[in-house]
Structure formats: structure tokens, C-alpha cells
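Labels below follow one simple rule: chain letters A, B, ... track the order of the sequence lines, proteins then strands, and each chain is numbered from 1.
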There are 2 protein chains.
Amino acid sequence: MSSGDFKHDIFAQFARVGKALGNGNRLEIMEFLAQGERSVDDLAGIAGLTVANTSQHLQQLRQAGLVASRKQGLKVYYRLSSNEVIDLLRSLRGVAERHLAEVDRLVNSYLAVKDNLEPVPRAELLTRAREGLVTVIDVRPTEEYAAGHVPGAVNIPLSELEGHLDRFEPGQQIVAYCRGPYCVLAFDAVEKLRARGYQAWRLEEGFPEWQTAGLPVERNK
Amino acid sequence: MSSGDFKHDIFAQFARVGKALGNGNRLEIMEFLAQGERSVDDLAGIAGLTVANTSQHLQQLRQAGLVASRKQGLKVYYRLSSNEVIDLLRSLRGVAERHLAEVDRLVNSYLAVKDNLEPVPRAELLTRAREGLVTVIDVRPTEEYAAGHVPGAVNIPLSELEGHLDRFEPGQQIVAYCRGPYCVLAFDAVEKLRARGYQAWRLEEGFPEWQTAGLPVERNK
DNA sequence: CTACTATTCAAGTATTCTATTGAATTAAAT
DNA sequence: ATTTAATTCAATAGAATACTTGAATAGTAG
């Protein structure tokens with residue numbers, strides 16, 4: 001057997017994983033799976049796809065070794081097959097961010113006030129939170145918060161933010177986070193809070209990255 | 001702009017990078033570019049593709065931000081656009097290695113057979129190197145060597161091996177290593193060296209395994 | 001057993017991708 | 001100016017992919 005055959009075959013295997021990464025809907029699905037298990041139905045709703053289509057995407061991801069599933073009752077729950085997959089997705093984002101001007105353009109145009117939205121690095125958040133300087137809010141839905149969150153963070157889903165503004169002192173410093181660097185929940189929260197006169201920032205990246213960085217995680221009992 | 005549009009667009013951008021990773025020939029091309037700049041013609045020869053086809057693949061890679069190029073005289077030299085790309089490729093390999101049974105099967109059935117030519121176990125290499133019995137060469141690109149290598153190993157990237165054959169005494173014992181069990185650099189080096197009459201072997205596995213086995217590592221200052 | 005739900009499978013269509021071919025650029029050499 | 005070499009562009013056929021639709025399967029509840 002020649003080394004040419006071997007190389008051809010082995011690169012074809014690696015390309016299976018690459019192919020699975022080559023579709024925006026699949027990447028979005030994995031973004032949600034980075035937060036924990038989801039049923040096919042959940043994912044279809046979140047991603048705005050039909051259930052059959054979502055199921056097909058999930059099977060492609062499984063064949064590429066990116067996700068795994070378990071069946072419980074009527075539902076099939078999918079998850080990322082390991083934390084290595086989160087690293088892979090982060091690398092992909094990193095390269096895209098660094099080398100694709102189009103990504104910058106999109107991020108800048110979505111939030112014209114990007115300069116003011118300077119994200120807070122993870123390390124800095126830990127320090128500032130310990131000193132009691134900031135309030136950390138988790139703007140993801142309650143179920144996601146319950147499955148794991150930054151220690152000390154208060155859960156205020158974006159949809160309920162307006163109704164909970166009285167929890168904050170005027171001028172208070174607030175840091176919001178959600179699912180990841182391109183999760184728009186925290187962006188929107190920061191915008192709303194600033195419109196009300198609070199000092200608000202977005203945590204660099206989101207909870208999945210926080211977790212895989214080995215930082216402490218708190219769970220609801 | 002709605003946040004749905006934003007998400008759709010941003011994931012579509014990430015998918016551009018994923019798509020570029022979804023072809024074995026492109027991955028093979030990038031593997032060679034990891035060793036340094038190459039012209040289109042070189043790459044076509046190495047990958048066994050036509051020049052026109054190789055050029056098209058390279059343009060896809062460039063549009064995905066994975067490679068960059070410079071023109072000098074008649075030739076266009078391509079390179080990986082940054083070290084982040086190497087990380088991305090490593091992650092991809094890692095996920096494939098860990099989750100795709102097919103990769104294991106290929107490695108075991110193809111490489112293991114050729115490896116009957118006495119691979120040198122790690123422990124044995126240490127002993128023999130201390131006794132001055134063998135010369136150890138690291139055939140990875142210079143940057144990877146600089147980031148960490150087997151103590152005493154000489155860096156001779158595979159691409160430069162032909163030009164450095166005068167460093168070896170006739171009949172000298174040489175052990176080559178590179179990135180891992182299916183990295184073909186060391187294998188090709190051994191083939192070349194044997195063709196020239198040297199006693200050459202491949203180190204069992206590669207540098208990452210050496211490092212994670214807790215064996216000593218040397219770094220450039 | 002029957003009805004119901006969640007998911008998967010299978011088939012069809014429009015779209016995109018791969019690799020080939022030959023022509024068109026671009027830069028250097030004569 | 002003409003020739004040559006390296007690369008890119010353009011057109012093409014055949015393969016693969018994405019999404020839709022409707023049917024099939026497996027588990028649950030009444």
C-alpha cells in the first residue's frame with residue numbers, strides 16, 4: 001500500500017469533519033449544543049429549520065464525530081461529543097474573525113457603537129467581581145442558567161430585563177454574558193442597560209468558553 | 001438589522017471557513033504549506049493535482065482566509081495566513097482522531113504495516129541518544145521545532161532534507177520524528193534517508209505524544 | 001388496541017462543488 | 001517584439017449537498 005493512498009484516505013477522513021463544519025445551520029446548531037443537551041425539536045425551533053432537516057444535519061454531525069446522542073422516552077437528546085469540539089469551533093471562529101474582513105464588517109454594522117461595547121476579559125471579570133465592583137448578569141433563558149453559570153451571576157433572561165431594572169442602583173456597573181462571542185443576547189442587554197444610564201459591558205465570549213477555560217462553574221441544585 | 005439576520009450572516013461566514021476545510025486535497029495542500037511557502041506548481045506536484053485545479057483550491061483557501069500569497073517573478077508563493085490556522089488544523093485532526101473509528105482503522109492498517117521497519121520506542125530513543133549512538137532529527141517546520149522539541153534533536157524540515165545530507169556520516173544511524181502517528185513527514189524522511197544508504201528509523205508516534213508522556217522537552221530561547 | 005408524539009427515512013429538485021480542458025494573463029528571457 | 005513559463009480564468013459535465021415533502025418507525029398514554 002503506497003503512502004499516497006494512505007494520505008489520500010486519511011485526509012478524506014479529516015475532510016469529513018471539515019465538510020460537517022461547512023454549513024451555517026450546522027454551526028448554529030453546535031453553538032446551542034455547546035450549552036448542553038438539546039432535543040431535535042428544540043434545535044429545530046431555535047435554528048428556524050424543519051424537524052426533518054434538523055435531524056438530517058444532526059446525523060451529518062454525528063457521522064463526523066462532532067455530536068453524540070441518547071434516547072430518553074420519545075425524545076433524542078444531542079450533545080457535543082467532547083470539549084475538543086468546543087476548541088475546534090473556537091479555532092474556526094478565531095480564524096474567521098482574524099482573516100475575514102466580512103466578519104468584522106458584520107459585527108461593526110450590527111452594533112455601530114462597537115467602541116463603547118469593548119468586552120470585558122474573563123480574567124478581569126473574576127477580579128472585579130471578587131472586589132464587589134460589578135454585578136454579573138446571565139441573560140440566557142432560565143434552563144440554560146440552571147445547567148451551569150458563572151458563580152455569583154444573577155439570571156435575568158433578556159426578555160425579562162425591562163421588568164427587573166429596579167434591581168440595579170443608578171450608575172451601577174453591570175457585566176452581561178450569554179452563549180458565546182456571537183450570541184446577541186448580551187449585546188442587546190448591554191444596549192438596553194446603557195440606554196437606561198447604567199454602566200454596562202459584555203463579557204468577552206460566553207458561558208461555554210468560560211467553562212472550557214476551566215473557570216469555576218456554579219449549578220442550581 | 002434584526003439579530004436573526006446577524007446570526008444567519010455571521011454563521012454563514014464561519015461556514016465559509018468550514019467549507020474550505022471540507023476537501024481532502026485542500027487539507028493536504030495546507031499540510032504542505034505548514035512546512036513553509038510553496039509555489040502553485042510545487043503544490044500541484046506534491047498533491048498529485050493539475051496546476052489549474054490546485055490554483056482553484058488555493059483561491060478557495062484564500063477566500064476563506066486560510067492562506068495568503070505573494071508574487072515573486074513568475075511564481076506565486078502561498079503560505080498559511082497565520083499560526084492560528086495551524087491550531088485550527090490541529091483541532092480538526094484531534095477531533096477526527098478521537099471520534100472517527102475510521103481514522104484509527106486507517107492508521108493501524110496502512111501505517112502500522114509499513115512501520116514493521118522497526119519503529120523506535122520512545123524509551124529506547126532516550127537511551128541510545130544519550131550514548132551518542134543515533135542522531136535525532138526533527139523534520140517539522142522550524143516554527144514548530146522552536147516551540148518545543150526532543151532534547152538534542154536537530155531541526156531539518158523535510159523540505160530541506162535533500163540539501164542537508166552532507167551533515168550525516170555514511171552509515172550513520174538516524175531517527176526521525178514529526179507530529180504524530182499519522183504525520184507522514186518522518187516516514188518520508190526515513191524513506192529518503194534509506195534510499196541514500198543511511199540507517200534510518202521513525203520514532204514511534206511524534207512530538208505531541210513525547211511531550212504528553214512527560215518526557216523532557218527543549219525549547220529555543 | 002388505538003391515538004399521538006418525536007424522530008428518522010426516502011425520494012425529488014434546485015443548487016453548489018469538483019475536476020478537466022483550453023484559452024487568457026502576467027512577468028521574465030531572448 | 002517575440003517567446004516561454006507560471007498562474008489564473010472560463011466553460012463544462014458529473015457528483016454531492018440542502019431543503020422539502022410525505023411516509024415509516026419507535027416509544028408513550030389512554
Expected output: side-chain B/Arg26 to main-chain B/Lys19 donor-acceptor under 3.5 Å: yes

Residue B/Glu162 excluded, over 12 heavy atoms near CD under 6.0 Å: yes

side-chain N/O B/Gln59 vs D/dT7 OP1/OP2, d < 4.0 Å: no

Side-chain N or O of B/Ser55 closer than 4.0 Å to phosphate OP1/OP2 of D/dT7: no

Annotated protein contacts, base or backbone, on nucleotides 20-30 of chain C with a non-hydrogen cut-off under 4.0 Å, one of B, S, - each: BBB---SBS--

A/Tyr145 side chain to A/Ala153 backbone, donor-acceptor under 3.5 Å: yes

Sugar-phosphate, base or nothing in reach of A/Thr54, heavy atoms under 4.0 Å: nothing

Interatomic distance where NZ belongs to A/Lys19 and C1' belongs to D/dT17 [whole Å]: 10 Å

Interatomic distance, A/Lys75 NZ vs D/dA29 P [rounded to whole Å]: 12 Å

Protein-nucleotide distance (B/Gln60, atom CD; C/dC17, atom C1'), rounded to Å: 8 Å

Parallel, tilted or perpendicular: rings of A/Phe11 and A/Phe14 (30°, 60°): perpendicular

cation_pi(A/Arg202, A/Phe187) dist<6.0 Å, angle<=45: yes

Rounded distance (Å) that lies between atom C1' of C/dT5 and atom CG of A/Asp41: 9 Å

Side-chain N or O of B/Tyr78 closer than 4.0 Å to phosphate OP1/OP2 of D/dT8: yes

For atom CZ of A/Arg38 and atom P of C/dA6, their distance in whole Å: 16 Å

Under 3.5 Å: donor-acceptor pair, side chain of B/Ser69, backbone of B/Val76: no

Angle between terminal axes - the helix from C/dC1-D/dG30 to C/dT30-D/dA1, 5 pairs each end, rounded to 10°: 20°

Between D/dT7 (C1') and B/Leu43 (CG): distance, integer Å: 13 Å

B/Asn155 side chain to B/Arg140 backbone, donor-acceptor under 3.5 Å: yes

Candidate pair A/Leu21 and A/Leu89, rule side chain to side chain contact (heavy atoms under 4.5 Å, CB included), full reasoning: CA-CA 9 Å; A/Leu21 298 172; A/Leu89 293 174; 4.1 Å; yes

Atom pair distance, as rounded to whole Å: CG in B/Leu61 and P in D/dT8: 12 Å

Separation of B/Leu161 CG from B/Arg167 CZ (nearest 0.5 Å): 10.0 Å

Side chain A/Arg179, main chain A/Gly206, donor-acceptor under 3.5 Å: no

Proximity to the side chain of A/His57 - top-ranked nucleotide from D/dT8, C/dT8, D/dC19: D/dC19

Residues in contact with DNA chain D, drawn from residues 22-34 of chain A - heavy-atom cutoff 4.0 Å: A/Asn23, A/Asn25, A/Arg26

Derivation and outcome, side chain to side chain contact (heavy atoms under 4.5 Å, CB included), residues B/Leu203 and B/Val136: CA-CA 9 Å; B/Leu203 176 60; B/Val136 183; over 6 Å; no

Reported CZ-to-CD distance for the pair A/Arg93 and B/Glu84, which is rounded to 0.5 angstrom: 12.0 Å

